[in-house]
Amino acid sequence: MLKTLLKSAACGTVALAIMTASSLAQQYTLTLSDHNSPTSLYEVNAIQPWAKRVEEATKGRVKITIYPSQTLSRGVDNWKAVKSGVTDIAFCFHGYWADMTPYTDVLTLPFLPYPSAEKAAEVAWKMYEKFPVIQKEFDDVKVLMLWVSNSHIILSNKKVVKNLDDLKGMKIRVSGGPPTEQMRALGASPLLMPQPDTYDALDKGVLDATAASWEAMHGFRFYEVAKYQTIVPLSAIYFSMAMNKKKWNSLPKDIQDAIMSVSGLEGSKAIGKATYDFAEPIVEKAIKDNKYSYERYVIPEDEVARWRKVGGDPVREAWIKRMEGKGLTQARELLTAVVDMLK
């Protein structure tokens, strides 16, 4: 009897060891949907390197298969796609979904003094960590990273914008939320459309201009169809790298910890820096190498003050009042926190 029990225990121990070893050796392939092109700064400088860091941090147990250029899901559908499990991970541009994450929209209020995209990403992640009301907006997914662009400039195809009078009535592609309200306050006619559609709209004259970053100018080759650059610090925009919650919860704790070791605050800062903070000279080189003509105009400080007077503080205050009218009473507190983090 004792021999039988010992034999059964030994067999159980061996079986447990085999199961444990099998679990430890299990590999996971995760899909990532991205609307950027495979040659964009996002793909080359940020997303592909991050996927590689995840693979290294998990010692090869996690591999991320990237689907760029909307080949798995369209950019405007990425939030739904990651929530439903169409993709495991999604590059989410929140300007597509006005009022979906309203508290987080504080990051896009006009004339916030972001010194760099790296610093802006730091602020974004710390705001997420600090405020439960922001965390709640992302309850449907697992947030891996959260970052912010540098301030947008104006790229136009018919004339250079030098002042508010030039801007009036222009059809300008912008992001949803506060950037739309800012452009409307400045006198332009803001239009919403997916970023990949903007090139053709500029080329065909459907748009007069787009508010964009240097990164977008490179990734979507806007310098081919919009030869005028107006340098004025408009709103920035924000993004998240979101993961399907069910898929995340299915991963072992050590795998989760390894992924977050290269994501979170440091991952957010890295993606902001690699994508935006070195983009301008890359764009200038592309323009020069391809012999495109362009004209750049820097708005003088006294004219910037005019833009700020009508499209800065009034837009911020209107946003706070609109939020409070919806019962979102922490709006002013969040704006104060962002400004304090940037001092």
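Quantities reported herein were computed from a predicted structural model and do not represent experimental measurements.
Remark: side-chain polar atoms of K83 are not paired, donor with acceptor, to backbone N or O of D140 under 3.5 angstrom. Counting only distance, with no hydrogens or angles, the side chain of R308 and the backbone of D313 share no donor-acceptor pair below 3.5 Å. Under the 3.5 Å distance criterion, the side-chain polar atoms of D208 are left unmatched by any main-chain donor or acceptor of M170. Remark: the backbone N or O of A331 is not paired with any side-chain donor or acceptor of E324 at under 3.5 angstrom. Judged by distance alone, with hydrogens and angles left aside, the side-chain atoms of T275 form no donor-acceptor pair with the main-chain N or O of G272 at under 3.5 Å. With hydrogens and angles ignored, the 3.5 Å screen pairs no side-chain donor or acceptor of S149 with any backbone N or O of A236.
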Candidate pair I64 and D88, rule side-chain contact (heavy atoms from CB on, under 4.5 Å), full reasoning: CA-CA 9 Å; I64 297 177; D88 298 320; over 6 Å; no
W50 and L144: CA distance, side-chain angles, deciding distance, side-chain contact (heavy atoms from CB on, under 4.5 Å) verdict: CA-CA 11 Å; W50 173 73; L144 302 178; 3.8 Å; yes
Verdict with reasoning, Y276 to Y42, per ring pair (Phe, Tyr, Trp, His ring centres under 6.0 Å): CA-CA 9 Å; Y276 291 103; Y42 258 117; 5.7 Å; yes
Steps toward side-chain contact (heavy atoms from CB on, under 4.5 Å) verdict (W214, I282): CA-CA 9 Å; W214 293 104; I282 294 174; over 6 Å; no
side-chain contact (heavy atoms from CB on, under 4.5 Å) assessment of M183 paired with L234: CA-CA 9 Å; M183 196 57 69; L234 300 173; 3.9 Å; yes
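Cluster membership for W125 and F93, using ILVMFWY side-chain heavy atoms within less than 4.5 angstrom, is shared. Under the 4.5 Å side-chain heavy-atom criterion for grouping Ile, Leu, Val, Met, Phe, Trp and Tyr, L207 is not connected to L192 through any hydrophobic cluster.
Annotation: Y128 is not in aromatic contact with Y103 [ring centroid separation under 6.0 Å not met]. Between W147 and F91, the distance from one ring center to the other falls under 6.0 angstrom.
Residues satisfying the ring pair (Phe, Tyr, Trp, His ring centres under 6.0 Å) test with W319, not counting sequence neighbours, are none. Here Y297 pairs with nothing under the ring pair (Phe, Tyr, Trp, His ring centres under 6.0 Å) rule; sequence neighbours left out. Judged as a side-chain contact (heavy atoms from CB on, under 4.5 Å), and not counting sequence neighbours, the contacts of A185 are V315. In terms of the side-chain contact (heavy atoms from CB on, under 4.5 Å) criterion, residue partners of R74 (sequence neighbours excluded) are, by chain and number, Q70, V76, D77, P194. Remark: F220 engages F222 in a ring pair (Phe, Tyr, Trp, His ring centres under 6.0 Å) (not counting sequence neighbours). K52 pairs by the salt bridge (Lys or Arg N to Asp or Glu O under 4.0 Å) definition with nothing, not counting sequence neighbours. In terms of the side chain to side chain donor-acceptor pair (under 3.5 Å) criterion, S175 has no residue partners (sequence neighbours excluded). Remark: N249 pairs with no residue by the side chain to side chain donor-acceptor pair (under 3.5 Å) rule, at least two apart or across chains.
Remark: the S73 side chain and the T87 side chain contain no N/O donor-acceptor pair separated by less than 3.5 Å.
Applying the side chain to side chain donor-acceptor pair (under 3.5 Å) definition to pairs two or more places apart or across chains, those involving residues 231-240 are H94-S240, T101-Y238, D105-Y238, Q182-S235. Pairs of residues two or more places apart, or lying in two chains, that qualify as side chain to side chain donor-acceptor pair (under 3.5 Å) and include a residue from residues 282-294 are E224-Y292, E284-R296, K285-D289. Under the side chain to side chain donor-acceptor pair (under 3.5 Å) criterion, the residue pairs touching residues 111-120 are K119-E122, with sequence neighbours excluded.
Using a 4.5 Å heavy-atom threshold, the side chains of L167 and I154 count as touching. At a threshold of 4.5 Å between non-hydrogen side-chain atoms, the residues V123 and V148 do not count as touching.
Taking 4.0 Å as the cut-off between side-chain N and carboxylate O, R53 and E56 do not count as a salt-bridged pair.
When all heavy atoms of N36 and S40 are compared, the pair lying nearest together is CB-OG, 3.4 Å. Minimum interatomic distance between I172 and A211 (heavy atoms only, all atoms of both residues): CG2-N, 3.7 Å.
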Could you list the donor-acceptor pairs under 3.5 angstrom formed by side chains in residues 333-343, with sequence neighbours left out?
residue	atom	partner	partner atom	Å
E333	OE1	Q330	NE2	3.1
T336	OG1	R332	O	3.0
D340	OD1	K343	NZ	3.4

